[in-house]
Structure formats: structure tokens, C-alpha cells
Amino acid sequence: MKWTQTLIPTLREAPSDAEIVSHKLLLRAGLIRKLAGGVYTFLPLGLRALRKVEQIVREEMDRAGAIEVLMPALQPPEIWQQSGRYETASNVLFKLKDSGGREWLLSPTAEEVITTLAANEINSYRQLPKNFYQISLKFRDEIRPRFGLMRAKEFIMKDAYSFDTTDESAMASYKKMYDAYTRIFARCGLKAFPVEADTGVIGGNYSHEFMVPAETGENEVVFCEACGYAANIEKATSGIPKTAAREIGAAVEKFATPGVVTIEALSKEPYKVPANRQIKTLVYIADSKPIIILIRGDDQLNETKLMARTGVVAVRPATSEEISPLLGAKPGSLGAVVNVPADAYVFADERIRGANDMTTGANEDGFHLRNVSIERDIKVHEWSDLRTVSAGEPCAKCAKPLKIRRAIEVGHVFKLGTKYSEALNATFLDADGARKPSVMGCYGIGVTRTLQAIIEQGNDKDGVIWPLNVAPYQVCITPLAVAPESEAMKLAEKFYAELTAKGVDVILDDRDERPGVKFKDSELVGFPIRIGIGEKSLAKGEVEIKPRHGAMQSIKVEEAVNAAMKLVSDGVAK
RNA sequence: CGGGGCGUAGCGUAGCCUGGUAGCGCGCUUGUUUCGGGUACAAGAGGUCGUGAGUUCGAAUCUCACCGCCCCGACCA
């Protein structure tokens, strides 16, 4: 490709609506342009890089035995009602009507469609296992699109869906995808690692996310360097000890705490109740029903865990106005010992199970209770892990201190079980003549997000540093004179023809620009290899080869093509 | 949706508080110049100051509403 024939609108300065480095570089390097919030046009260079990522994904899916299909973006709501997600995923669904008034959805994912397909086309265990995938536009009415392609209303996702006869077979399908994902991200030049994950609205019971470490990531990952444990903080647990038991104290005693409405205030003079001997009482509204949560004073509730436990669609903290009539006191004096409505469901965190000598609110403004022994004094309906892990806590597996870092989620694999196959009748006839629902898995890669993650991970002050495998062009030939009869341009054309013939993606910067402009632009866009051709070195029979992320070297004209080929085959120089 | 911020030329911005001629840098066009790291000089084009209403003799500037964009939170590939 000749530079002047394509469109590479580089920018000296980033538009002010870009915040993070990868978003700025996507714009500055002329890869994308915004049409509206969360909606982008891919320019020629951005599209080339995107296609390369897609191709890697496609090759690895095929290699893992998945088969490519293409499902409609326009979907009828009936199948979503059947699966139950018309309600549970309602907040991200784009809904529209055709001219006849019939309602449609824009696909945010395709479990319903693929399961309907499987229900119709798969009848026998002999047809299984099968794994279908597609690479297509997805639509989600994100509450807040942000960071360019990171969270967009419209994005490209690879989604795959496996159907198996048994749980064991489904695990094998899962493992194949897990391994394929590991290869995909490695081939994209990304340092991505798998972590245990919550399953969210997709459902299912076993799941890993693939994470790219980045300060700008929207996720927090808890990990152990010693044993390799890693989990999304929404799911992570630690080996932190339970609350130390003390001698069962005297009977519960009410004491006045005027004006004390925080854990911290109660831990100070004159009360001096340490936060770890306090029970924090929270009221949440779970799908419009109030629930009471008990957690240790120095712990933080993990709302994702709460949602997973309750199985509801949405939880939110109750307002003060909702709490007062329920418990008879305002937040700050709440407890679950006395005056708890009989129908109020009480969840308690495992860490305070068996704890005694605790202090909690009296459900009376300005009073607390001491000597509370949880099992004796509180009716807990359900115990579970509800707390958020903090950095430094001991790993549950090896007791070494856990660390926390931020990351970008680029892929997610789920073991779904039979949730969708049962709802949508995707059954098969087994060898024993019994009709059974297929055991499903689903597997997603945010392709456009992966592209941005590559940039977020590979850049410096001068611009993007593309891994060779996904660079829009691998080699940029930069003649410093562009008149057709000039030595530099003639040689550039020759290199261009030879490298192209060898299957290398080459761009020739034939713009009549100053050398500085060309060098700056090639670094901004981030081509892995630049071949500079100018009169000075040409006089010595040499040209320059400059890896984007390495030192420039002068090389004899006749060796230039081979030298470039070597860099390409080496996967490019450090 | 809650909280915060911002809308002035393609991009980045000044001007707004204290109402009166819309300014600068980059980019773009033309010419000269330069020719190995975003050259220099000159001449130019380009603006409904987000939209609408209001206050005023007069509004980019003050008031209100709406729209859009960005950041923090809930949601997720």
C-alpha cells in the first residue's frame, strides 16, 4: 500500500475526550474515529489490525475444533423471553420495532439463537459434541460507554457455544477453549492470564476470565505469586482467619452511644470497640425485597457475591427511608438481635460465624448492644462468603500474602450446564434412548477490546508499538525523496515489490513530507519495522533498518530485504 | 440513573468572573524556502461561539431549559 493512496489521518494532539493512552493513540494514529458515544468507525489502518486479530481468533477456534457460523444481529424477543433473559438482561438490550410494530432485539450475545438452532438440528448423541462460533457485531446498551473501544455500545465479539452429552465431555470442551484462548492472546502479543470469575447474568457454575494487566483496567484481580491462584475480586476468597472466639460473655447488654453512627466512631473513646469486634448490619433491596446482611466491622461487602448467593437480578443498598420502618432505627444503629421482622432474611458472612463478644446496633437510634454472641443471639438464615478480599491477606491455598492489581477483561469462558438447553429444549436422544438436555458452555472474546488492550500494553511516548502479528503493516518503507526518478524512491519501489512478493505487509510512505514528519508518523502508528532510504547513507551503499522498539542499524542495500525478512521471521526484534 | 466537569474553525485552546471588534498554536490552500527527526517566511481559506428561550440598547460572556461529550459509581467482551 502506498501511504498517499490510503487514509491515515494522524493527529499531533489527542482529542480532549480521550482519557487513557490506548484511546488517545487509537485516535492519534488514525485507527478509529468516533461517530457518537461508544460508536466508532474503523479507518483503514485500524481495520487491518482488527482483521488480523480476528484471523488469529478464527485460526485458533478452527484448530480447537469449533465451527464457524454467522447468526443474526436482529433477533426476535420470544426466544429471550423463553430463556428468561428478556427480563434479567433487560438493561443492556437494544429494543426496536419494525414498521409493522413488531418488536426486535439487537443481539448482545447469542445463547438463545444458537440453542434454538441446536434444538432444531441436533437430535442424537451421535452429533455431539459440537462447538459453534461466530465473529460478529454485538450491541449492548451500556449505561456508560467509555475509553473508546473498551466499553462500547457496538463492538465485535467472538462468541462460541459448545454442546456436549455429559458433564465430563463439557469439561473437555471447556478446556479446549481455555487452551485456545491462551494461544490466541499469546499470538496477539498480549500478556493475558486466566482468573476465576463470577458468572453474572449469563449464568452457569464455572468460569474463567482472561485478563490483561493494566492500570486503566476496569477489573481488580486478586492473585498469589507463590501458588498461582488468581481470581476476579468479585469472586476471590482468602485464607483469612475467622473471628477469634472468646469466652461467652454475659447476657446482651444495651448501652447508650449518642451520635455514634459509624464503625470508626464506635472504635474510639469512650467506647473503644475495635472494628473487628463489631458486626456491621447492612440492608439491601434484592429484586424489591429487603434483606439484612451481617459482616464484620472491618470488612467490606462484596455485592457480586451477594448477588450470586441470592440469585437475584439486582441488588442495591436500601435507603434510609426504607430502613427506618423496617428495623426501627436509622443506619448507624442497626442490628439483627432485636426488633427484626420475622420475614426479614438474614445473610451473614462466614468470617463472623461462631463469633461472640461482639458489638452491634440495637435497632434504636443512639444505642448499641454488647456481649452479642452471634449463634446465640441472632437468627441467621444463611451463612456464606460475602466479604471483599484485601491485598495482603493470606492465600487460601498456600497462605502467602495475596496481591491485587487492575486488569482489562479480554475473554471469558463459562461452563453453562443445562440452563439454556432446558429452557429452549435443546435435547438429544442418548444411546440409552433417553432424551437429555445438552450440556453447554459459552466462550467470548472482545475482539475490539483486545485490539485496544494490545495498544494499552504496547506503547511508548512516541506512539503505538504493535506486535508483528497484529500490526496493520509489518514494514514501513520510508524514502526521504519521493520524486519517481530519485534513487531513494526507485529503491523504495524495489524493496516494496520484493517484500510484498515474499508475503510481507508493506506500506510505502510516498508522501512528499519532511523526514521528521515521516519518522514521527511511522513511530506514532507503530509499524514494527521501518526501512529508511536517504541520500546520505545511499551514498555509502546503505539504508537503515529500524525496529519500532529497538536500535537503528545501517545495512548494505543488497542485504536490506533479507535483513527485514529476518526481523519478520524472528517475530521482530526487541 | 446518581455525583462531578466540559461544549468557541478539522485538532488543541484563550476570551466568560467584570456583557460592546472572536484571538492564538497545529492542520489546510497558494508561493518562496528547506531537504536525515513534526523547517522558515509570506499571503489566504475556514466560526449559526452545542440548541432554544429569556434578561439587555447590545450576549461566546448573565439566567433557564434541552441536547451532546468526558470522568467517578452500578452493568459487562
Side-chain angles (χ1 to χ4, degrees), chain A residues 9-20 23-24 27-28 30 33-39 57 88-93 108-109 135-160 181 197-202 209-212 216 218-219 232 234 303-304 307 313-317 319 408-414 442-453 462-463 478-483 486 488 512-524 530 532-539 543-544 546 552 554:
Chain A
T10 57
L11 299 171
R12 256 188 182 181
E13 290 169 291
S16 57
D17 54 8
E19 184 78 7
I20 66 174
H23 186 195
K24 286 179 181 170
L27 294 165
R28 287 192 58 209
R33 284 295 182 265
K34 182 173 75 177
L35 180 63
V39 179
V57 170
T88 59
S90 176
N91 53 336
V92 299
L93 290 177
T109 172
I135 299 172
S136 65
L137 267 182
K138 300 294 185 294
F139 302 85
R140 290 190 190 172
D141 191 4
E142 290 290 348
I143 306 157
R144 179 149 93 88
R146 75 182 120 177
F147 299 155
L149 306 178
M150 282 295 183
R151 176 174 303 282
K153 285 179 182 290
E154 180 188 305
F155 60 100
I156 292 177
M157 181 166 88
K158 186 286 300 177
D159 43 328
Y181 276 33
D198 178 66
T199 51
V201 73
I202 302 265
E209 289 165 333
F210 284 77
M211 293 289 193
V212 174
T216 51
E218 297 184 76
N219 303 273
N232 192 311
E234 296 173 348
E303 291 188 9
T304 305
M307 273 176 72
V313 174
V315 298
R316 62 169 175 86
T319 63
I408 300 163
E409 179 193 349
V410 288
H412 201 162
V413 292
F414 296 87
C442 72
Y443 318 93
I445 290 179
V447 178
T448 38
R449 181 184 286 178
T450 297
L451 183 72
Q452 184 163 353
D462 294 316
T478 308
L480 301 184
V482 295
S486 68
D512 185 13
E513 283 287 355
R514 304 263 315 165
V517 173
K518 294 183 156 196
F519 292 148
K520 287 286 185 192
D521 270 351
S522 79
E523 281 150 15
L524 176 58
R530 182 177 70 218
I533 307 172
E535 285 179 10
K536 279 188 183 171
S537 44
L538 221 42
V543 295
E544 276 113 30
K546 165 89 171 65
M552 171 134 54
S554 293

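Letters go in sequence order (proteins before strands), and every chain restarts at 1. In what follows, every heavy atom counts, from backbone to side chain, and hydrogens, waters and symmetry copies are set aside.
Within 3.5 Å, a donor on the side chain of A:Arg530 pairs with an acceptor on the base of B:rG37, or the reverse.
Using a distance-only test at 3.5 Å, with no hydrogens or angles considered, no donor-acceptor pair links the side chain of A:Tyr443 to the main chain of A:Tyr181.
Projected onto RNA chain B by closest heavy-atom contact, A:Lys34 and A:Glu234 fall at different nucleotides, the more 5' of which corresponds to A:Lys34. Of the residues near RNA chain B, A:Gly446 and A:Thr10, the one whose nearest nucleotide (by heavy atom distance) lies more toward the 5' end is A:Thr10.
Atom CD of A:Glu218 sits in a crowded spot, with more than 12 heavy atoms from other residues, nucleotides or ligands closer than 6.0 Å.
Closest approach to the A:Met157 side chain among B:rC1, B:rC69, B:rA77 is made by B:rA77 (side chain taken as heavy atoms from C-beta onward). Comparing B:rG12, B:rA77, B:rC75 by their closest approach to the side chain of A:His412 singles out B:rA77. Taking the side chain of A:Glu523 as heavy atoms from C-beta on, and the options B:rC70, B:rC71, B:rG37, the nearest nucleotide is B:rG37. Residue A:Glu13 has its side chain nearest to B:rG25 when only B:rC76, B:rC71, B:rG25 are considered.
Distance, A:Glu19 CD to B:rG5 P: 16 Å, rounded to whole Å. If you take NZ of A:Lys24 and C1' of B:rC70, they are 12 Å apart, rounded to a whole angstrom. Note: CG (A:Leu35) to P (B:rC69) measures 10 Å, nearest angstrom. Spacing between atom CZ of A:Arg144 and atom C1' of B:rG2 amounts to 12 Å, rounded to whole angstrom units. Counting to the nearest Å, the C1' atom of B:rA9 and the CG atom of A:Leu11 are 15 Å from each other. Between the CZ atom of A:Phe147 and the P atom of B:rA77 there is a distance of 18 Å, rounded to whole Å. Residue A:Asn219 contributes atom CG, which lies 11 Å from atom P of B:rC75 at whole-angstrom precision. Regarding A:Asn91, its CG atom lies at a distance of 6 Å from the C1' atom of B:rC75, rounded to whole Å.
In this structure, A:Tyr443 reaches neither bases nor backbone, as no heavy-atom distance under 4.0 Å exists between it and the strands shown. Note on A:Asn232: nothing from the nucleic acid sits closer than 4.0 angstrom, heavy atoms only. Nucleic acid contact for A:Arg28: base, since at least one base atom lies under 4.0 Å from a heavy atom of the residue. Residue contacts for A:Glu154: at a heavy-atom cut-off of 4.0 Å it reaches no nucleic acid atom on any strand shown. Using a 4.0 Å heavy-atom criterion, one finds that A:Asp159 contacts no nucleic acid atom at all. Within 4.0 Å of A:Arg316, counting heavy atoms only, lies no atom of the nucleic acid at all. Counting any heavy atom pair closer than 4.0 Å across all strands shown, A:Lys138 reaches no nucleic acid atom. Residue contacts for A:Ala152: at a heavy-atom cut-off of 4.0 Å it reaches a base atom on one of the strands shown. Within 4.0 Å (heavy atoms only), A:Val517 reaches at least one base atom of the nucleic acid. In this structure, A:Ala14 reaches the sugar-phosphate backbone alone: every heavy-atom distance under 4.0 Å involves primed, P, OP1 or OP2 atoms, never a base.
B:rG19 makes up no base pair with any nucleotide shown, lacking Watson-Crick or G-U wobble contacts both under 3.5 Å. Within the shown strands, B:rG52 is the pairing partner of B:rC64 under the Watson-Crick or G-U definition, both distances less than 3.5 Å. B:rU34 makes up no base pair with any nucleotide shown, lacking Watson-Crick or G-U wobble contacts both under 3.5 Å. Under the Watson-Crick and G-U wobble criteria, each requiring two contacts below 3.5 Å, nucleotide B:rG27 is left unpaired. Base pairing annotation: B:rA45 forms no Watson-Crick or G-U wobble pair, as no partner gives both donor-acceptor distances under 3.5 Å. Both distances falling under 3.5 Å, in either a Watson-Crick or a G-U wobble arrangement, occur for no nucleotide opposite B:rA77. Nucleotide B:rC69 has B:rG5 as its partner under the Watson-Crick or G-U criteria, with both atom distances under 3.5 Å.
Contact detail for A:Pro108 and A:Leu93: the closest heavy-atom pair is CG-CD2, 3.5 Å. Across all their heavy atoms, A:Pro479 and A:Ala488 have their closest contact at CB-O, 3.9 Å. The two residues A:Arg28 and A:Leu524 come nearest to each other via the heavy atoms O-CD2, 3.4 Å.
Spacing of C1' atoms, B:rG7 relative to B:rG47, comes out at 14 Å, to the nearest Å. Nucleotides B:rU48 and B:rC70 have their C1' atoms positioned 25 Å apart, rounded to a whole Å. If you take atom P in B:rA14 and the same atom in B:rC6, they sit 11 Å apart, rounded to whole Å. Rounded to the nearest Å, the gap between the P atom of B:rC66 and that of B:rG2 is 11 Å. The C1' atoms of B:rG15 and B:rG25 are separated by 15 Å, rounded to the nearest whole Å. Distance check on atom P: B:rU8 versus B:rU51 gives 10 Å, rounded to whole Å. Spacing of C1' atoms, B:rC62 relative to B:rU55, comes out at 8 Å, to the nearest Å. Taking atom P on both nucleotides, B:rA22 is separated from B:rA60 by 9 Å, rounded to a whole Å.
Close to B:rC72, at under 4.0 Å from its OP1 or OP2, lies a side-chain N or O of A:Arg146. At B:rU13, one or more side-chain N or O atoms of A:Ser16 fall inside 4.0 Å of OP1 or OP2 (strictly under the cut-off).
For the pair A:Arg151/A:Arg140, no side-chain contact is recorded, criterion being any heavy-atom separation below 4.5 Å from C-beta on. Side-chain contact between A:Val482 and A:Glu513 is absent, with no heavy-atom pair separated by less than 4.5 Å. Looking at heavy atoms from C-beta onward, A:Thr216 lies out of side-chain contact with A:His23 at the 4.5 angstrom threshold. Two residues are said to be in side-chain contact when any heavy atoms from C-beta on lie closer than 4.5 Å; A:Ser554 and A:Glu544 meet this criterion.
Of the residues listed (A:His412, A:Glu409, A:Glu209), the one engaging A:Asn232 in a side-chain contact (heavy atoms from CB on, under 4.5 Å) is A:Glu209, and it is the only one.
No hydrogens or angles considered: a donor-acceptor pair under 3.5 Å links the side chains of A:Thr10 and A:Asp521.
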Taking protein heavy atoms under 4.0 Å as touching, what does nucleotides 28-36 of chain B look like 5' to 3' if B marks base contact, S marks sugar-phosphate-only contact and - marks none?
------BSB
